[in-house]
Enquirer: 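I'd like to ask some things about the structure below.
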Amino acid sequence: WLQPAAALVFGYLLGSIPFGVILTRLGGAGDLRTIGSGNIGATNVLRTGRKGLAAATLLLDGLKGWLAVVLVAQWSPIDAPVAAVGAFIGHLYPVWLGFRGGKGVATLMGVVLALSPLSGLVYAVAWLGTLALLRVSSLAGLAAAFSAPVAAAVFDQFDYVFLFLAFAILVLWKHRANVDRLMAGTEPRIGGGTKGG
Ligand code: G3P
């Protein structure tokens with residue numbers, strides 16, 4: 001049990017690095033948790049008007065998930081999914097921020113790409129496609145998250161179907177305020193305006 005526990009803790013430590021908060025602070029744009037939606041993800045960094053910081057947050061939040069899985073897989077391939085769980089939970093519930101973390105879309109992309117590159121590709125297409133079409137970040141993230149278990153099933157990677165579904169359900173849980181706004185037609189679009197308004 002020592003190896004899976006180590007993979008979990010290692011994944012958690014990587015996943016819990018709140019890049020959005022760190023980069024926004026370093027960039028002199030204030031405390032991200034007091035800006036916009038208060039979320040620590042790239043979408044909210046974008047609301048500071050700092051596109052470069054938002055892009056870097058997206059990249060690093062994805063990279064930490066990918067790296068956690070890939071590094072653990074080097075040393076113990078069987079524990080790679082455990083590292084994925086650790087990294088994802090680390091991002092959602094970081095001890096450093098009183099367990100108030102992000103919504104998981106970027107980190108999940110990294111994790112899915114590392115475990116199942118084909119599903120990761122589907123995830124990226126679902127995410128970017130929905131974003132380009134509707135320009136609503138939360139909706140795009142949710143579409144991407146739920147595309148992962150479907151893709152894993154289509155590609156016969158049944159080991160990952162349940163895991164990816166559990167991740168997607170957690171992403172949905174974290175987006176519950178966004179879902180309320182989507183229903184009410186008040187969820188902001190990227191670049192201004194609201195869905196349906
Ligand atoms: O991944 C987060 C995004 O889907 C929504 O972020 O700040 O609009 O709640 P936000």
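Everything numeric in this text was worked out from a predicted model, so none of it was measured. Both counts, for ligands and for their atoms, begin at 1 and track the order of listing.
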Enquirer: Quick check on the hydrophobic clustering: are V125 and L134 connected, directly or via other members, by side-chain heavy-atom contacts under 4.5 Å?
Expert: no
Enquirer: For W66, does the CH2 atom have more than 12 heavy-atom neighbours from other residues, nucleotides or ligands under 6.0 Å away?
Expert: no
Enquirer: To the nearest 0.1 Å, how far is atom 1 (O) of ligand 1 from its closest protein heavy atom, and which atom is that?
Expert: V105 CG2, 3.5 Å
Enquirer: In the protein, which heavy atom is nearest to atom 9 (O) of ligand 1, and how far is it?
Expert: K103 NZ, 2.6 Å
Enquirer: Take atom CD1 of I78 as the centre, draw a 6.0 Å sphere, and report whether it contains more than 12 heavy atoms from other residues, nucleotides or ligands.
Expert: no
Enquirer: Could you check atom 8 (O) of ligand 1 against the protein and tell me its nearest heavy-atom contact, residue, atom and distance included?
Expert: R47 NH2, 2.6 Å
Enquirer: Would you call the rings of Y160 and F164 parallel, tilted or perpendicular, taking 30° and 60° as the class edges?
Expert: parallel
Enquirer: What protein heavy atom lies closest to atom 4 (O) of ligand 1? Include the residue and the distance to one decimal.
Expert: H175 NE2, 2.8 Å
Enquirer: Please confirm whether E187 comes within less than 3.5 Å of ligand 1 when only nitrogen or oxygen atoms on both sides are compared.
Expert: no
Enquirer: Evaluate T48 against V45 for side chain to side chain contact (heavy atoms under 4.5 Å, CB included), listing each step before the verdict.
Expert: CA-CA 5 Å; T48 66; V45 178; 4.3 Å; yes
Enquirer: Are S138 and ligand 1 in contact, using a heavy-atom cut-off of under 4.0 Å?
Expert: yes
Enquirer: Need the ligand 1 atom indices (1-based, order shown) with element for anything under 4.0 Å from a heavy-atom of N178.
Expert: 5 (C), 8 (O), 9 (O), 10 (P)
Enquirer: Under 4.0 Å from any heavy atom of S137, which atoms of ligand 1 are there?
Expert: 3 (C), 4 (O)
Enquirer: Is the ring pair F167/F88 parallel, tilted or perpendicular, if the boundaries are 30 and 60 degrees?
Expert: tilted
